[in-house]
Amino acid sequence: MRLTVIGAGPAYSDAAGAVGACYLVRSGERAMALDLGHGAFAGLAARIPPESLETIAISHLHPDHFVDLVPLRHYLRYHVQPARRARVDAHSELAVRLDALHAEPGFTAASLEVVPLTPGSRSVGPFTIEAVRVAHTADSFGFRVSDGPTARGLVYSGDVGRAGDLRVLVRPGDTLLVEVSFGPGPVPPGAMHLDGPAVGALASETGAGRVLLTHLLMGRDPAATIRSVTDRFSGPVELVEPGFEAEL
Ligand SMILES: [Zn+2]
Ligand SMILES: [Zn+2]
């Protein structure tokens with residue numbers, strides 16, 4: 001599989017051009033996306049016809065992870081001829097949220113086929129997507145994506161307040177694409193996000209092959225964040241930005 005980072009921002013940023021979460025995963029000629037946060041649609045569409053995606057898996061219903069389903073919906077309805085529908089694997093509340101945003105019942109269903117997420121494994125095209133519930137919001141999931149039973153996987157945290165919730169997904173050698181909102185830490189009480197020490201401990205305990213850090217809040221020091229992970233994990237650690245690519 002090949003990973004392309006489309007967007008790696010948190011919910012707000014002062015970095016010009018920052019966009020919300022979106023990760024393109026390819027297996028040969030086939031592709032899927034993880035999340036479609038604010039501002040991510042254009043970067044996605046610049047790289048691949050969005051209607052060719054097997055699915056877009058949405059980790060949870062915070063706008064920095066799903067709100068660019070709105071431009072995707074308009075693109076499918078008004079640009080693609082004949083109009084197409086796209087598959088979205090997401091919490092069953094998704095259509096209610098998007099319909100309410102537009103005060104238009106049926107807004108979502110017109111162009112998006114929402115397949116409700118539940119914990120467990122599902123096959124979509126060449127991809128196996130495993131989902132677990134994670135502590136963040138009541139509708140939050142973490143994912144492992146792979147394209148074969150012995151293939152190395154990509155474990156994506158979404159947003160998560162307990163690193164241990166991801167442990168069941170990780171197999172030795174997997175790549176962890178994991179949020180590190182609070183940088184070197186600590187995480188303030190009650191904030192359902194991670195810091196570098198928690199990510200490093202998870203990677204070390206699970207035998208992960210490498211760590212890709214994302215979703216760093218503005219004002220946090222990138223170098224100190226990476227150090228807080230490498231203090232606990234001896235494998236490669238990078239902080240990703242839009243345009244980052246990796247073979248998994
Ligand atoms: Zn987020
Ligand atoms: Zn969130």
Side-chain angles (χ1 to χ4, degrees), residues 3-15 17-25 33-44 56-72 88-98 100-101 114 116-117 119 131-145 154-166 169 176-196 198-199 202 211-220 222 225 229 238-242 244:
L3 168 70
T4 303
V5 175
I6 308 293
Y12 57 89
S13 173
D14 62 353
V19 295
C22 184
Y23 308 93
L24 178 63
V25 183
L34 294 163
D35 283 342
L36 194 57
H38 55 81
F41 175 79
L44 179 69
I56 300 169
I58 301 294
S59 64
H60 66 294
L61 301 183
H62 276 158
D64 56 318
H65 296 261
F66 84 96
V67 81
D68 263 26
L69 289 172
V70 173
L72 172 66
V88 178
D89 289 69
H91 190 274
S92 55
E93 279 285 307
L94 174 70
V96 175
R97 302 284 183 93
L98 286 178
L101 186 61
V114 181
L117 271 178
V132 295
R133 289 191 182 277
V134 297
H136 180 63
T137 58
D139 55 37
S140 293
F141 289 85
F143 300 120
R144 181 181 191 270
V145 178
L154 174 69
V155 173
Y156 172 52
S157 64
D159 288 351
V160 57
R162 259 192 328 247
D165 290 353
L166 300 168
L169 290 176
L176 298 189
L177 173 61
V178 60
E179 71 122 304
V180 67
S181 293
F182 286 94
V187 177
M192 298 305 278
H193 289 285
L194 299 183
D195 60 13
V199 173
L202 173 72
V211 173
L212 305 177
L213 302 170
T214 187
H215 205 276
L216 181 66
L217 289 175
M218 63 184 276
R220 268 65 183 187
T225 299
V229 180
E238 292 164 271
L239 182 65
V240 302
E241 294 191 347
F244 175 94

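The shown structure was predicted, so the numbers you read here are calculated from the model rather than taken from an experiment. Atoms within each ligand, like the ligands themselves, are counted from 1 in listed order.
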Among N, O or S atoms, Asp64 approaches the Zn ion (ligand 1) most closely through OD2
Quick check: does His215 have an N/O/S atom under 2.8 Å of the Zn ion (ligand 1)?
yes
Is the distance from the Zn ion (ligand 1) to the nearest N/O/S atom of Glu179 under 2.8 Å?
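Looking at Glu179, which is the residue asked about, there is no N, O or S atom under 2.8 Å from the Zn ion (ligand 1).
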State whether the side chain of [X] and the backbone N or O of [Y] hold a donor-acceptor pair below 3.5 Å, judged by distance alone.
X: Ser140; Y: Val134; result: no
X: Ser157; Y: Glu179; result: yes
X: Arg97; Y: Leu61; result: yes

Tell me, do Leu44 and Asp68 make a side-chain contact under 4.5 Å, heavy atoms counted?
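Of all side-chain heavy-atom pairs linking Asp68 with Leu44, none is under 4.5 Å.
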Specify whether Phe141 and Phe143 have parallel, tilted or perpendicular ring planes, treating 30° as the upper limit for parallel and 60° as the lower limit for perpendicular.
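Judged by the thresholds at 30° and 60°, the geometry between Phe141 and Phe143 is parallel.
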Below 30° counts as parallel, above 60° as perpendicular, anything between as tilted: where do the rings of His65 and His60 land?
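Plane angle between 30° and 60°, so tilted.
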Would you say the Zn ion (ligand 2) has [X] as a near neighbour, meaning an N/O/S atom of that residue under 2.8 Å away?
X: His60; value: yes
X: His65; value: no
X: Asp159; value: yes

Closest to the Zn ion (ligand 2), which N/O/S atom of His62 is it?
ND1
